[in-house]
Engineer: 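One structure coming up, written as structure tokens, with questions to follow.
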Amino acid sequence: MHRAIILVSIIAFALLPLHALAHHGKEYLITSTYKTPERGSFFGVWSSSYVKSEHEEGEMVLEPGLLYGLTNRWSLELHTHHGISSDNFRTESIGLETLLRLFGPGEIQHHANFHEKEHPLSLALLFEYEKGLGDEHDAAEGRVIVGREFRSFLVVANLIAGKILEEDEDFHYLYAIGIKKTLSSAFAVGLELDGGLQRGEGFSLTPGLYGAIAQGLDFRLGPTIGFGDRAEEYQLRATILFEL
């Protein structure tokens, strides 16, 4: 049932009259990239995942949002989090995210600039604040994002610090690494590795298929498989982006 919801969401967006997309900083399913929208460009974002573990009921997570380019190097995103189980629908939080590219290529029309000798790498900072609703707590997260494009390959690394905003809650430190291989102008494949930096924490692998299958439809799709402390958890992720 929950997998059917993901499929229906993808088909529904494919039928909309959308415009062609360029880079918008959403290159992966988990890993954040340094790429920013062009100034004044406006995107809709629809992320969803089906989460299942051996000892808990499966749950659908939805994250619709809006992404706006304030400048060619600075973007702002507003989104909400919703959880759906067999007998419950709840809105968990409202989030505000901002991404600032400090240096390096990554703007919309960047292709001629990727070989700039002074900036072999691109560096960006991301900050997100989540306002919890109901019984959910407020949370904050920051990321340092480093990446580079090698011809048909894109490699990006995230160093992440997050905190549930309770008095006795410690920071948690995470990482995410994404590698993407462009196959054609419409499709790419990739692999993401993410996990915790604290000793004994598990990690996850997410193979992904990325690209465009219809005019203006930009999609990401892949399963997340856990190892170690995450071995009992499985997720199926899907993200759709479209220009408004």
Engineer: Do Glu149 and Lys35 have side-chain heavy atoms sitting under 4.5 Å apart?
Structural biologist: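 Glu149 reaches Lys35 side chain to side chain.
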Engineer: Does anything in residues 61-86 form a ring-ring contact (aromatic ring centres under 6.0 Å, His included)? List the pairs, not counting sequence neighbours.
Structural biologist: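 Qualifying pairs, neighbours excluded: Phe42-Tyr68, His79-His81, His82-Phe89.
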Engineer: With rounding to the nearest 0.5 Å, note down the distance linking CZ in Arg143 to CD in Glu128.
Structural biologist: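 With rounding to 0.5 Å, CZ (Arg143) is 8.0 Å from CD (Glu128).
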Engineer: Under the side-chain contact (heavy atoms from CB on, under 4.5 Å) criterion, do Tyr175 and Leu193 qualify, and how do the steps go?
Structural biologist: CA-CA 8 Å; Tyr175 66 89; Leu193 169 68; 3.9 Å; yes
Engineer: Using atom types as modelled and distance alone, determine if a side-chain donor or acceptor of Thr98 lies under 3.5 Å from a backbone N or O of Ser75.
Structural biologist: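 Indeed, once roles are kept as given, a pair shorter than 3.5 Å links the two residues.
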Engineer: Determine the interplanar angle of the Phe203 and Phe227 rings, folded into 0 to 90°, and report it as parallel if under 30°, tilted if 30 to 60°, perpendicular if over 60°.
Structural biologist: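 Rings of Phe203 and Phe227: parallel, as their planes differ by under 30°.
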Engineer: Taking it one step at a time, do Ile94 and Leu78 satisfy side-chain contact (heavy atoms from CB on, under 4.5 Å)?
Structural biologist: CA-CA 8 Å; Ile94 299 174; Leu78 179 66; 4.0 Å; yes
Engineer: Would you confirm whether Ser49, through its side chain, and Val51, through its main-chain N or O, come within 3.5 Å as a donor-acceptor pair?
Structural biologist: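 Here the side-chain-to-backbone pair does not exist.
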Engineer: Just checking Asn88: does its CG atom have more than 12 heavy atoms from other residues, nucleotides or ligands closer to it than 6.0 angstrom?
Structural biologist: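 Counting other residues, nucleotides and ligands, CG of Asn88 exceeds 12 neighbours.
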Engineer: In Å and rounded to the nearest 0.5 Å, what is the CD to CG distance from Gln198 to Asp170?
Structural biologist: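 Taking CD in Gln198 and CG in Asp170, the distance rounds to 9.0 Å.
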Engineer: Taking side chain as C-beta onward, heavy atoms only, is Leu66 less than 4.5 Å from Leu244?
Structural biologist: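 In short, these two side chains touch, coming nearer than 4.5 Å.
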Engineer: Taking the side chain as C-beta and beyond, is there a heavy-atom pair between Glu136 and Ser93 under 4.5 Å?
Structural biologist: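 Answer no - side chains too far apart.
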Engineer: Just do the side-chain contact (heavy atoms from CB on, under 4.5 Å) check on Trp46 and Leu62 with the steps written out, would you?
Structural biologist: CA-CA 8 Å; Trp46 178 272; Leu62 303 178; 4.1 Å; yes
Engineer: With Asn158 as reference, evaluate Thr31, Asp194, Val146 under the side-chain contact (heavy atoms from CB on, under 4.5 Å) test and give the passing residue.
Structural biologist: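 The option that passes is Thr31.
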Engineer: Check whether any side-chain heavy atom of Thr239 lies under 4.5 Å from a side-chain heavy atom of Tyr28, and answer yes or no.
Structural biologist: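 When only atoms from C-beta onward are counted, Tyr28 and Thr239 do not touch, as no gap falls below 4.5 Å.
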Engineer: Between the main-chain N or O of Ile30 and the side-chain N or O of Glu192, is there a donor-acceptor pair closer than 3.5 Å?
Structural biologist: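 Pair found, side chain donor or acceptor close to backbone of Ile30.
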Engineer: Would the distance check show the side chain of Arg220 and the main-chain N or O of Glu27 forming a donor-acceptor pair, the cut-off being under 3.5 Å?
Structural biologist: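 Yes: the side chain of Arg220 pairs with the backbone of Glu27.
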Engineer: Grab the two heavy atoms, one from Tyr34 and one from Ser122, that are nearest each other, plus how far apart they are.
Structural biologist: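 Taking Tyr34 first and Ser122 second, the nearest heavy atoms are CD1-CB, 3.4 Å.
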Engineer: Compare all side-chain heavy atoms of Val144 with those of Leu123 and state whether any distance is below 4.5 angstrom.
Structural biologist: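 A side-chain contact exists here, since the closest heavy-atom pair is under 4.5 Å.
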Engineer: Check whether any side-chain heavy atom of Ile145 lies under 4.5 Å from a side-chain heavy atom of Leu99, and answer yes or no.
Structural biologist: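 A side-chain contact under 4.5 Å exists here.
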Engineer: Please check this pair: side chain of Glu166 against backbone of His137, looking for a donor-acceptor N/O pair closer than 3.5 Å.
Structural biologist: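 No; judged by distance alone, with no hydrogens or angles, the pair does not exist.
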Engineer: For Tyr234 and Pro223, work out which heavy atoms get closest and say how close.
Structural biologist: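 Taking every non-hydrogen atom into account, OH-CB, 3.6 Å.
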Engineer: Salt bridge check: are Lys26 and Glu77 linked by an N-O gap of less than 4.0 Å?
Structural biologist: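 Looking at Glu77 together with Lys26, the answer is yes, because their closest N to O distance falls below 4.0 Å.
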Engineer: What heavy-atom pair brings Gly196 and Leu174 nearest, and what distance separates the two atoms?
Structural biologist: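 So the two residues come closest at CA-CD2, 3.6 Å.
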Engineer: Where is the tightest heavy-atom contact between Phe171 and Ala161, given as atom of each residue plus distance?
Structural biologist: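 For Phe171 versus Ala161, the nearest heavy atoms are CD2-CB, 4.5 Å.
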Engineer: Tell me every residue that passes salt bridge (charged side-chain N to carboxylate O under 4.0 Å, His left out) with Lys131, counting only those two or more places apart in sequence or in another chain.
Structural biologist: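 Residues passing salt bridge (charged side-chain N to carboxylate O under 4.0 Å, His left out) with Lys131: Asp138.
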Engineer: Using modelled atom types only, decide if a donor and an acceptor are shared between the side chain of Arg101 and the backbone of Asn72 within a distance under 3.5 Å.
Structural biologist: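 At least one qualifying donor-acceptor pair exists.
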